[in-house]
Amino acid sequence: MKTIDQANQEALRRILAGDPVLVDVVPATEAIPDLADRMILHAGPPIGWDRMCGPMRGAVMGIAVFEGWAENLDAAAKAAAASFAFHPNHHFGAVGPMTGLTTQSQPLMVVENKAFGNRAYCAINEGLGKVMRFGGNDAEVLNRLRWIREVLGPALGRAIRESGGIALKPLIARGLTMGDEMHQRNVACSSLLLRQLAPFLARTSKDAGELVACLDFIGRNDQFFLNIAMAMGKALADPARGIKASSVVTAMSRNGTDFGIRVSGTGDRWFTAPVEMPVGIYFPGFSEKDANPDMGDSAIVETVGLGAFAMAAAPAVVGYIGAGRASEAAVFTRSMAEIVVGSNPAWTIPAMDFAGVPTGIDIRLVVETGLAPTINTGIAHREPGVGQVGAGIVKAPLKCFQDALVAFAQTMGVE
Amino acid sequence: MKTIDQANQEALRRILAGDPVLVDVVPATEAIPDLADRMILHAGPPIGWDRMCGPMRGAVMGIAVFEGWAENLDAAAKAAAASFAFHPNHHFGAVGPMTGLTTQSQPLMVVENKAFGNRAYCAINEGLGKVMRFGGNDAEVLNRLRWIREVLGPALGRAIRESGGIALKPLIARGLTMGDEMHQRNVACSSLLLRQLAPFLARTSKDAGELVACLDFIGRNDQFFLNIAMAMGKALADPARGIKASSVVTAMSRNGTDFGIRVSGTGDRWFTAPVEMPVGIYFPGFSEKDANPDMGDSAIVETVGLGAFAMAAAPAVVGYIGAGRASEAAVFTRSMAEIVVGSNPAWTIPAMDFAGVPTGIDIRLVVETGLAPTINTGIAHREPGVGQVGAGIVKAPLKCFQDALVAFAQTMGVE
Amino acid sequence: MDEKDDGASHDLLGAPPRVINIGLEIFAVNLASQGAEVAHVRWSPPAGGNSHLAGLLEKLQGR
Amino acid sequence: MDEKDDGASHDLLGAPPRVINIGLEIFAVNLASQGAEVAHVRWSPPAGGNSHLAGLLEKLQGR
């Protein structure tokens with residue numbers, strides 16, 4: 001029988017061996033054939049309408065109007081509990097930031113892990129401010145989603161296919177030398193991606209005005225790359241699922257009510273606990289009393305060694321999320337290095353003399369040290385329809401890891 | 001009478017008050033009406049053909065063919081000493097990297113310092129490898145220059161005018177949070193600039209194929225922004241020229257043979273000394289025996305606090321130029337802080353808790369401490385026609401500052 | 001951040017040549033990079049003192 | 001780099017509470033940020049010992 005350490009090395013090996021490539025943008029039903037009418041995939045572990053937080057409900061109401069399942073937001077809210085089927089994105093190879101809703105008529109970006117042949121999906125980032133992923137649901141939000149569906153998604157798909165695919169491992173490597181940690185700071189990767197795609201967008205453009213609009217939309221959004229980083233995280237982590245005797249975390253995710261993790265050796269079972277409140281910086285006019293608890297599938301980037309785990313690469317983000325002095329960014333990375341199996345030689349941090357990002361969270365180390373994984377996160381308003389109000393950091397609840405350890409021990413014949 | 005410290009504060013104030021904006025790309029003769037036929041502006045202090053280094057001669061031969069002043073390179077070499085008039089870029093409001101040749105039919109980028117109304121010019125960056133600024137002069141090099149003149153320059157000019165101008169102060173500020181020091185590392189600013197210009201390039205495009213080619217060319221060149229940073233440096237430094245009693249450096253520049261500086265209180269006089277050899281990393285197949293001594297007007301970026309002065313912002317560049325451990329990048333910045341009048345609150349370095357870049361080199365401090373300004377630089381092959389062979393750091397010769405101090409003391413009635 | 005404790009810095013300076021790092025990790029890293037001997041001190045007992053979890057961890061060791 | 005002198009680091013640790021920084025500047029900065037008193041020591045005489053230049057610098061002082 002393999003030992004735990006051997007199994008964990010295999011999990012790490014698979015994560016590090018991944019070769020994620022952005023290969024396409026396709027309609028959600030093509031990416032996920034099981035994605036039926038009135039079915040809503042959401043961020044985090046499983047949850048029903050009754051326990052959903054404000055912004056998640058706001059997004060559900062909005063997406064139901066967008067999909068034509070309800071006349072208006074009120075009708076959507078009344079219909080939600082009975083008429084819509086809710087499932088986690090993670091159950092369908094997908095991820096979504098914040099509320100993270102995935103439904104049938106959205107275009108999804110496709111990241112293929114060429115080393116293992118698996119694919120992962122994520123919708124296109126809507127920009128900042130009042131957007132659906134932060135619970136926004138008014139006409140402006142829905143019109144933007146329509147434009148993404150009808151113009152941007154198809155244009156991006158054409159450009160990406162024409163390019164032959166965008167290799168993400170070297171792009172992330174470069175982003176780490178340019179101050180990105182790929183969670184709350186994606187300006188470098190967003191800019192590098194646009195720089196790479198722009199000639200292909202131009203070459204495959206069918207309409208000059210639409211080309212201008214696409215270049216402008218992508219270019220104004222410093223977080224455009226986040227959703228790609230997330231699909232990449234999912235594509236990298238999935239091959240590490242289901243390794244017998246491995247105590248490595250394969251997913252961390254939040255739905256605004258519960259925080260959930262999955263562990264390789266315990267398969268696809270979720271270990272959940274109430275989400276914590278982010279601590280951070282609020283946009284003018286907002287404060288912690290407006291904040292919704294932690295939310296989104298985006299912690300998949302920390303799961304593969306980015307986000308708060310790569311904080312040392314991104315001193316500028318420390319101030320943005322209110323996490324202390326920029327010069328002490330490495331404290332986060334070194335701290336996370338205490339709870340992982342290894343580090344990623346392909347993703348290195350110049351300011352740490354090119355040390356690799358800490359990778360492969362071991363639930364044993366988390367429980368033993370009491371060091372909970374730190375996550376860089378956006379903060380949504382607690383009410384439906386408002387949007388983003390800040391950014392900060394949050395700790396994964398230790399209870400998830402403690403419960404997972406008990407279950408994992410059982411799989412090892414230890415009680 | 002103003003004291004030296006007061007005069008230096010005024011010089012610093014002018015540099016910091018600058019508001020540089022990339023406003024246009026125009027034919028060189030429009031930017032510099034005095035730029036006559038068979039007149040060649042070059043990097044560094046004044047120099048004639050007889051004392052020019054190999055790559056400078058190679059570039060002169062190439063540009064003469066490009067301009068139609070000679071049938072071929074040999075004919076150009078024979079004609080050079082007698083037929084061409086050589087002047088420093090700095091004497092005409094211009095700057096150029098490495099050989100830095102400026103001639104009548106090149107398009108020049110225009111940076112206007114809106115706070116003072118002055119303009120500075122620089123040609124468009126040709127990319128890496130075998131290019132004219134590193135002494136390259138074959139058909140590939142000349143054809144690229146023709147395409148820049150006929151396609152890229154006009155397209156960039158239209159886009160920049162359509163954009164209303166690109167404010168460079170905030171762009172540099174952002175680049176400093178993204179690992180650029182704006183001399184040997186410009187990937188962030190190059191990407192951010194393309195991101196900002198792409199919609200305007202598309203909107204003003206006259207030909208789809210040319211648009212694709214322009215986006216592709218700019219997008220492949222991590223150093224595209226260097227020439228803009230240089231014109232910006234010149235536009236920022238020029239208002240600080242000619243302040244009585246100021247011992248602040250207003251230009252540092254090299255022609256591959258001599259290093260020259262200008263000091264505010266001594267007007268436009270050059271203080272020169274033999275250039276030093278860069279110490280750095282060579283591309284595969286090359287070594288220090290292939291290297292040309294230090295060259296280019298690009299040290300204007302150090303003159304305004306960037307390049308090696310901002311090394312702490314760019315740990316990744318330290319390895320690229322072979323200057324030690326990336327984690328010790330701040331040593332350079334702190335060292336340069338000992339020879340300057342102040343720091344720039346608009347250009348800050350996250351890893352140093354947002355300390356401003358050291359700005360306003362005081363020749364008194366250089367001479368007193370013996371700390372020569374450090375410059376990040378590319379390394380050209382010493383023979384004409386080869387191109388770039390590496391990158392490294394070089395020190396400004398102390399003799400320039402010592403001679404300047406003697407002359408400066410005379411202006412103050414001290415001998 | 002749990003990892004920060006600026007109040008500890010003076011003690012650090014008072015105890016060469018062996019430095020006990022009880023707070024700011026960056027500081028320890030710099031010392032270490034210069035050859036000083038640095039010990040990290042864990043403040044909390046394994047698994048936060050939860051004996052059931054600590055027992056499981058112990059039983060899983062070597063597996 | 002002139003500014004590096006790793007051999008000096010042990011001396012640093014031996015001389016609290018006043019720390020004389022003779023080498024690696026980054027180290028001094030970290031100490032200083034934690035409240036330790038740090039003195040930078042200049043090794044070379046002004047103007048590298050050139051008395052003419054040193055004299056000019058002195059005469060220019062206060063001007």
Side-chain angles (χ1 to χ4, degrees), chain A residues 1-8 245-247 265 279 308 311-312 315 318 322-338 351-353 355 362-372 374 393 395 398-399 401-415, chain C:
Chain A
M1 190 181 103
K2 259 198 236 172
T3 66
I4 298 172
D5 285 344
Q6 284 171 333
N8 285 349
S246 169
S247 55
V279 175
M311 193 86 92
V318 179
R325 292 177 57 176
S327 61
E328 288 167 14
V331 168
F332 291 88
T333 296
R334 294 192 199 282
S335 173
M336 292 301 99
E338 297 201 29
M352 290 176 71
D353 286 320
D362 183 344
I363 58 168
R364 296 177 305 167
L365 294 172
V366 173
V367 172
E368 184 191 338
T369 61
L371 276 174
T374 300
I393 60 169
K395 299 252 179 193
L398 278 177
K399 182 178 181 297
F401 299 85
Q402 293 166 339
D403 290 354
L405 183 75
V406 172
F408 174 75
Q410 284 173 346
T411 70
M412 301 297 292
V414 170
E415 304 212 10
Chain C
M1 278 293 299
D2 296 346
E3 292 73 28
K4 293 178 197 163
D5 183 358
D6 283 329
S9 53
H10 291 290
D11 295 339
L12 277 179
L13 294 176
R18 188 158 203 284
V19 177
I20 302 191
N21 180 43
I22 51 178
L24 191 63
E25 213 178 293
I26 275 180
F27 186 75
V29 169
N30 281 334
L31 288 177
S33 75
Q34 293 171 73
E37 193 180 341
V38 178
H40 287 266
V41 176
R42 185 94 61 213
W43 283 102
S44 52
N50 180 319
S51 58
H52 174 224
L53 294 171
L56 287 181
L57 286 169
E58 205 175 312
K59 288 179 199 164
L60 287 171
Q61 267 195 348
R63 296 250 180 169

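None of the values given here were measured: they were computed from a predicted structure. Just so it is clear: chains get the letters A, B, ... in the order the sequence lines come, proteins before strands, and each one is counted from 1. Below, all heavy atoms of this structure are taken into account, side chains as well, without hydrogens, waters or symmetry copies.
Residue A:Val406 touches chain C through both its backbone and its side chain, counting heavy-atom pairs closer than 4.5 Å. Residue A:Phe401 does not touch chain C at all, counting heavy-atom pairs closer than 4.5 Å. With a 4.5 angstrom heavy-atom cutoff, A:Asp5 touches chain C only via backbone atoms.
In this structure, CG on C:Leu53 lies 5.0 Å from CD on A:Gln402, to the nearest 0.5 angstrom. Here CD of A:Glu368 is found 10.5 Å from CD of C:Glu58. Values are rounded to the nearest 0.5 Å. The CG atom of C:Leu60 lies 11.5 Å from the OG1 atom of A:Thr3; values are rounded to the nearest 0.5 Å.
The two residues A:Val414 and C:Lys59 come nearest to each other via the heavy atoms CG1-CB, 3.5 Å.
For A:Ala337, the side-chain contact (heavy atoms from CB on, under 4.5 Å) test picks out A:Pro358, with sequence neighbours left out.
The salt bridge (Lys or Arg N to Asp or Glu O under 4.0 Å) pairs that include a residue from residues 401-415 of chain A are A:Lys399-A:Asp403, where partners are two or more places apart or lie in different chains.
When each of A:Ala409, A:Gly370, A:Ser247 is checked for heavy-atom pairs under 4.5 Å with chain C, A:Ala409 comes out on top.
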